[in-house]
Amino acid sequence: MTSPEPAKKSPATPSASSARLVDDLGAQLVGPLADWLPAQRWFGSKGQEIAGVRPIRTYTLQDGEPQLEHLLVAVDQADGEHLYQLLVGVRRSLPEYLEHGRIGTVQGPHGKAVAYDAVLDPDLAGRLVELIAAGAHTDELTFAAEPGVELETGLSSRPVTTEQSNTSLIFGNLYILKLFRRISPGLSADVELHRALRDVGSTHIANPLGSISGDLDGKPVTYGMLQDFLDNTADGWAMAEGSVRDLIGEADLHASEVGGDFASEAYRLGEAVANVHHDLALSLGTAQLDRAGLERTVATMHRRLDKMVATIAELADYAGPLHSAYDALLTVGYPIAVQRIHGDLHLGQVLRTLNGWVLIDFEGEPARPLPERSAYMSPLQDVAGMLRSFDYAARHLLVGLAPDPQLDYRANEWAERNRGAFCDGYASVGLDPREQPALLRALELDKAVYEVAYEHNNRPTWLPIPLGSVARLASDGADSQR
Ligand SMILES: Nc1ncnc2c1ncn2[C@@H]1O[C@H](COP(=O)(O)OP(=O)(O)O)[C@@H](O)[C@H]1O
Ligand SMILES: O=P(O)(O)O[C@H]1O[C@H](CO)[C@@H](O[C@H]2O[C@H](CO)[C@@H](O)[C@H](O)[C@H]2O)[C@H](O)[C@H]1O
């Protein structure tokens, strides 16, 4: 799939005439990257040792000091070889404010230099918007604005500081550029679905403004997406967390009585998600899951569970009820509609603007292979993701506290109230998700199993949240298997 030697290409757009600090950056960083990569929040497969790092391609995006390099590296791990995109800056010495991005020391023709994470360097990040605005193009890298978009350049940049699977940079509060980290061949679903929703005039997205794409062994790949930055927003997770905090602070009040009640927002969010599903169906079509498709879906759920049970011992106790909940799908009496969906919907993926809710990050679950993420799926998968998220929001403030039945009761009440309001809002536009209980339950369980693995690898102290949900969902619900 890839060439063994790092290949050096000329700059996408020549810049300052000053000499290049380092020539064979990819090869020199093989050792340092093996230590640096696993420490990055966006690095996938954290649970597994790195057997080797192999530079695939290195492009100089800016010569001189600081130097900017676009690197593609293959990381060899037990579950296979994964490609990662890196933007690496090089300076003769690193200023204090970039020290936390240090990758390692490299040797150039004129002496030693330091390689570091270039996304942290405002002097380099702006170069990416310049290249998009200019429509820069080489054989394998294409920077392009969306049709009709004129971009402002010279804006100051800062990285997004929230937890991310990728890396996003904000430019002057006008644009946000997402740099995809783990690279799979194929057009990113994020770019594809944003374009599709824009084309039908959806009001629930941030408009796409440009992209960085390329070609890898004859297949298209997406490296970045530039969008409108939505200023003055709050994400759904922060809003829900505020509401739950209010509730916990008022031990005597019900979820409906506290100042920060979230139910009306949950209802609006349900409406927004149903509208997005409607627009995705309009733009990219729908189908009905046939018997073979249903069997494949159920088999995928079983496989995913078996894989998780093999590595996460805590799941083993629930494997039986989980497999039964998946099998229950094979006997449902209703047709299952499928279409393109968001694929990883949760409260952190929705922004409340002054005008309503906007959905972001249409990439699907980062751990799934791209073809699986781009397949038609039941829109109830997104509903299940959001219902899981209400459960998370209700319970995460209790993690680490001494067990307290009163707080558990309140958390449960908050989750049920907001899950109900979300479904009511969704049903006011589309199908009521509660009319397909076996499907919804199986999808919620499948999501909770994914979350168990996600927390196991990324935030072990949060593992009790999805594990507790698996236990609850597995023990109730025998009556919803229809
Ligand atoms: N269009 C936007 N306007 C404002 N903030 C945004 C926008 N898109 C994303 N963000 C912020 O950036 C964060 C990361 O974006 P996201 O697309 O979820 O990245 P990832 O795929 O890495 O998880 C979000 O949680 C949100 O806070
Ligand atoms: O990075 P992404 O936003 O694409 O998604 C991954 O990370 C999410 C956490 O940031 C994770 O979501 C889980 O935790 C959320 C709270 O932080 C919660 O609202 C979600 O319901 C829960 O799934 C997501 O699963 C993962 O793919």
Side-chain angles (χ1 to χ4, degrees), residues 146 176 189-209 225 227-240 262-288 335-365 373-390 393 417-436 439-440 443-444 447:
E146 289 296 300
I176 182 163
D190 214 2
V191 173
E192 185 191 7
L193 297 191
H194 271 102
R195 285 179 179 155
L197 286 164
R198 172 205 55 201
D199 291 349
V200 293
S202 172
T203 54
H204 297 290
I205 54 159
N207 273 322
L209 302 173
M225 176 176 68
Q227 281 180 283
D228 274 329
F229 177 72
L230 304 173
D231 210 356
N232 295 319
T233 62
D235 72 49
W237 178 258
M239 288 175 70
F262 190 71
S264 55
E265 286 299 347
Y267 182 95
R268 284 188 206 106
L269 186 53
E271 285 179 311
V273 172
N275 277 316
V276 166
H277 284 158
H278 170 272
D279 287 344
L280 283 174
L282 187 67
S283 190
L284 298 168
T286 57
Q288 201 163 305
I336 298 180
V338 286
Q339 61 166 90
R340 296 301 297 275
I341 63 166
H342 180 283
D344 190 18
L345 197 58
H346 57 79
L347 283 162
Q349 307 280 41
V350 290
L351 300 178
R352 179 68 162 96
T353 72
L354 295 175
N355 303 318
W357 286 100
V358 163
L359 276 56
I360 58 171
D361 195 5
F362 285 76
E363 240 199 314
E365 280 173 13
R373 289 192 249 154
S374 304
Y376 272 8
M377 286 178 254
S378 164
L380 291 205
Q381 190 168 310
D382 284 346
V383 171
M386 197 54 93
L387 296 183
R388 290 285 316 118
S389 207
F390 285 119
R417 176 171 173 75
N418 288 289
R419 286 160 59 95
F422 177 83
C423 288
D424 289 344
Y426 191 95
S428 73
V429 177
L431 169 102
D432 188 334
R434 293 160 295 198
E435 284 172 16
Q436 303 196 328
L439 178 59
L440 197 55
L443 291 170
E444 265 206 76
K447 185 73 187 179

Test item: [X] and [Y] side chains (from C-beta on) under 4.5 Å apart, heavy atoms:
| X | Y | value |
| --- | --- | --- |
| Leu345 | Val273 | yes |
| Leu269 | Leu347 | yes |
| Phe422 | Pro433 | no |
| Glu146 | Arg198 | yes |

Taking every non-hydrogen atom, the tightest pair across [X] and [Y]:
| X | Y | value |
| --- | --- | --- |
| Thr286 | Gln339 | CG2-CB, 3.9 Å |
| Leu280 | Ile341 | CD1-CA, 3.9 Å |
| Gly343 | Gln381 | O-NE2, 4.2 Å |
| His204 | Ser202 | N-OG, 3.1 Å |
| Pro379 | Ala337 | CD-O, 3.5 Å |
| Ser378 | Leu443 | OG-CD1, 4.2 Å |

What do the steps show when you test Val358 against Leu230 for side chain to side chain contact (heavy atoms under 4.5 Å, CB included), and what is the final call?
-> CA-CA 9 Å; Val358 163; Leu230 304 173; 3.6 Å; yes

Is the backbone N or O of [Y] less than 3.5 Å from a side-chain atom of [X], with the two atoms forming a donor-acceptor pair by type?
| X | Y | result |
| --- | --- | --- |
| Arg373 | Glu363 | yes |
| Asp235 | Val350 | no |
| Asp382 | His342 | yes |
| Ser283 | Val200 | no |
| Arg419 | Leu387 | yes |

About how many Å separate [atom2] of [Y] and [atom1] of [X], when rounded to the nearest 0.5 Å?
| X | Y | atom1 | atom2 | value |
| --- | --- | --- | --- | --- |
| Ile336 | Leu439 | CD1 | CG | 4.5 Å |
| Leu282 | Asp199 | CG | CG | 10.5 Å |
| Asp424 | Asn418 | CG | CG | 11.0 Å |
| His346 | Glu365 | NE2 | CD | 9.5 Å |
| Leu380 | Leu431 | CG | CG | 6.5 Å |
| Ser389 | Asp344 | OG | CG | 9.5 Å |

For Asn232 and Thr353, run side chain to side chain contact (heavy atoms under 4.5 Å, CB included): C-alpha distance rounded to whole Å, both residues' side-chain angles, the deciding distance at 0.1 Å, then the answer.
-> CA-CA 7 Å; Asn232 295 319; Thr353 72; over 6 Å; no

Residues Arg268, Glu265: salt bridge by 4.0 Å N-O rule =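 Salt bridge: yes.
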
With a 4.0 Å cut-off, would you call Arg340 and Asp279 a salt bridge?
->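 Looking at Arg340 and Asp279, the cut-off is not met.
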
Take the angle between the ring planes of Phe262 and Trp357 and call it parallel below 30°, perpendicular above 60°, tilted in between.
->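 It falls in the perpendicular class, over 60°.
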
For Asp432, salt bridge (charged side-chain N to carboxylate O under 4.0 Å, His left out) partners two or more places apart |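 Per chain and number, Asp432 pairs via salt bridge (charged side-chain N to carboxylate O under 4.0 Å, His left out) with Arg434.
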
Is there a donor-acceptor contact under 3.5 Å linking the side chains of Gln227 and His194?
->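 Indeed, the side chains of Gln227 and His194 share at least one donor-acceptor pair under 3.5 Å.
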
Check the pair Tyr426, Met386 against side chain to side chain contact (heavy atoms under 4.5 Å, CB included), reporting the backbone distance first and the verdict last.
-> CA-CA 11 Å; Tyr426 191 95; Met386 197 54 93; over 6 Å; no

